[in-house]
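What follows is a short report on a single structure.
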Number of protein chains: 2
Amino acid sequence: MEKTLNIAKALADGNRMRVIVALTENDELCVCQITEMLGLATATVSRHMSVLQNARLVESRKESRWVFYRLVGTFPDRLRQWLRESLAEAPEIAADRRSLTTILSCEPDDLCRRQKKRKESHACT
Amino acid sequence: MEKTLNIAKALADGNRMRVIVALTENDELCVCQITEMLGLATATVSRHMSVLQNARLVESRKESRWVFYRLVGTFPDRLRQWLRESLAEAPEIAADRRSLTTILSCEPDDLCRRQKKRKESHACT
DNA sequence: TTTATAGTTCGCTAATTGACTAAACACAGT
DNA sequence: ACTGTGTTTAGTCAATTAGCGAACTATAAA
């Protein structure tokens with residue numbers, strides 16, 4: 001029962017749910033892309049991804065400086081179906097989809113550079 | 001998205017998950033039966049059922065002094081399937097099933113009387 | 001009408017959780 | 001070796017939550 005409960009707990013956060021849904025539509029995403037989509041601090045995103053990984057919902061691989069996450073191959077099919085059906089009309093998910101289109105149109109390198117620049121400009125304000 | 005997230009949050013507690021699964025196997029259960037199964041205070045069970053009701057997972061009816069809860073007719077089928085599949089081998093659920101056999105073999109009246117007697121005997125200890 | 005009963009709500013406590021910043025880590029780039 | 005980059009971990013704070021007992025509510029029973 002612990003495994004199922006961990007999954008339920010992992011999904012009991014709006015941002016983590018958004019990540020899971022985004023990963024049902026995209027093979028994999030890197031932390032900086034998820035960070036950009038959610039609009040949170042990198043540290044927070046990392047924490048969230050850790051929760052999802054511990055719940056065995058996602059797995060990760062490292063390539064160069066970037067860490068990419070994807071859904072595990074054993075992701076429960078019924079759960080995926082429920083999420084997609086129940087969130088089919090959700091405006092927040094549609095917004096994520098649109099913003100991801102832009103995010104995915106550039107390489108992680110460029111994206112991370114943009115995030116850094118944005119962060120510094122905030123620091124100067 | 002709020003509706004789906006509320007459901008996820010409602011399920012992110014072991015006891016509430018156990019109640020939902022019990023209700024997939026039993027048409028309806030009254031508070032005192034759920035209380036007996038979970039081994040919690042009535043107040044706590046009532047609070048939990050309120051969460052499930054607010055998440056639109058269960059509905060209630062009152063008969064005499066008893067309140068009965070059942071799954072809503074719109075309970076997401078995929079979600080039910082996922083829960084039943086992933087919890088098919090869970091020892092805790094099996095234990096609940098067994099204890100419910102005993103609980104359901106007597107009327108709410110008798111059960112409530114037993115619970116009251118048990119509570120008083122604790123008070124005397 | 002009064003008393004009893006079952007469930008709900010309130011308030012408290014302790015634990016957990018989401019967001020952030022800063023520091024640490026892993027390792028690529030120079 | 002040193003510097004830069006992206007991510008992870010640790011610590012803090014505020015908000016939320018699960019469990020309980022007490023008080024309250026709804027209403028059945030006497």
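Residue numbers begin at 1 in each chain, while the letters A, B, ... track the order of the sequences. Reckoned from all heavy atoms, side chains included, excluding hydrogens, waters and symmetry mates.
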B/Arg65 atom CZ is separated from C/dT3 atom P, nearest whole Å, by 17 Å
Among the nucleotides D/dT9, D/dA29, C/dC20, whichever has the atom closest to the side chain of A/Ser46 is D/dT9
Of the listed C/dT8, D/dA18, C/dA6, the closest approach to the B/Val31 side chain comes from C/dT8
B/Glu63 CD to D/dA29 P, in whole Å, measures 11 Å
To the nearest angstrom, the NZ-C1' distance between A/Lys9 and C/dG18 comes to 15 Å
In whole angstroms, the gap separating C1' of C/dG7 from CD of B/Gln53 amounts to 12 Å
Q) For B/Thr42 and C/dA6, is the shortest distance between a side-chain N/O and OP1 or OP2 below 4.0 Å? A) no
Tightest non-hydrogen contact, residues A/Leu100 and A/Ala22, listed as CD1-CB, 3.8 Å
Residues pairing under salt bridge (charged side-chain N to carboxylate O under 4.0 Å, His left out) where one sits in residues 3-20 of chain A, two or more places apart or in two chains, turn out to be A/Arg18-A/Asp96
| query | Just to confirm, is there a sub-4.0 Å distance from OP1 or OP2 of D/dA28 to any side-chain nitrogen or oxygen of B/Ser64? | reply | no
To the nearest angstrom, the NE2-C1' distance between B/His48 and D/dT17 comes to 9 Å
Applied to residues 72-81 of chain B, the salt bridge (charged side-chain N to carboxylate O under 4.0 Å, His left out) test, sequence neighbours excluded, yields A/Glu85-B/Arg78
Notebook entry, point to check: Do A/Leu29 and A/Tyr69 come within less than 4.5 Å of each other through their side chains, counting heavy atoms only?
Noted result: no
A/Trp66 atom CH2 is separated from C/dA28 atom P, nearest whole Å, by 11 Å
Here the pair of heavy atoms bringing B/Leu11 nearest to A/Leu5 is O-CD1, 3.8 Å
How is B/Ala41 classified with respect to the nucleic acid when contacts are heavy atoms under 4.0 Å: base, sugar-phosphate, or nothing?
-> sugar-phosphate
Here the distance between atom P of C/dC25 and atom NZ of A/Lys62, to the nearest Å, is 14 Å
Residue pair A/Ala43/A/Arg16 against DNA chain C: nearer the 5' end by closest nucleotide is A/Arg16
Problem set entry | Phosphate OP1/OP2 of C/dA6 contacted by B/Tyr69 side-chain N/O (<4.0 Å) | no
Between CG of B/Leu52 and C1' of D/dT17 the distance, given in whole Å, is 14 Å
The residue, A/Val67 or A/Arg47, whose nearest nucleotide of DNA chain D is more 5′ is A/Val67
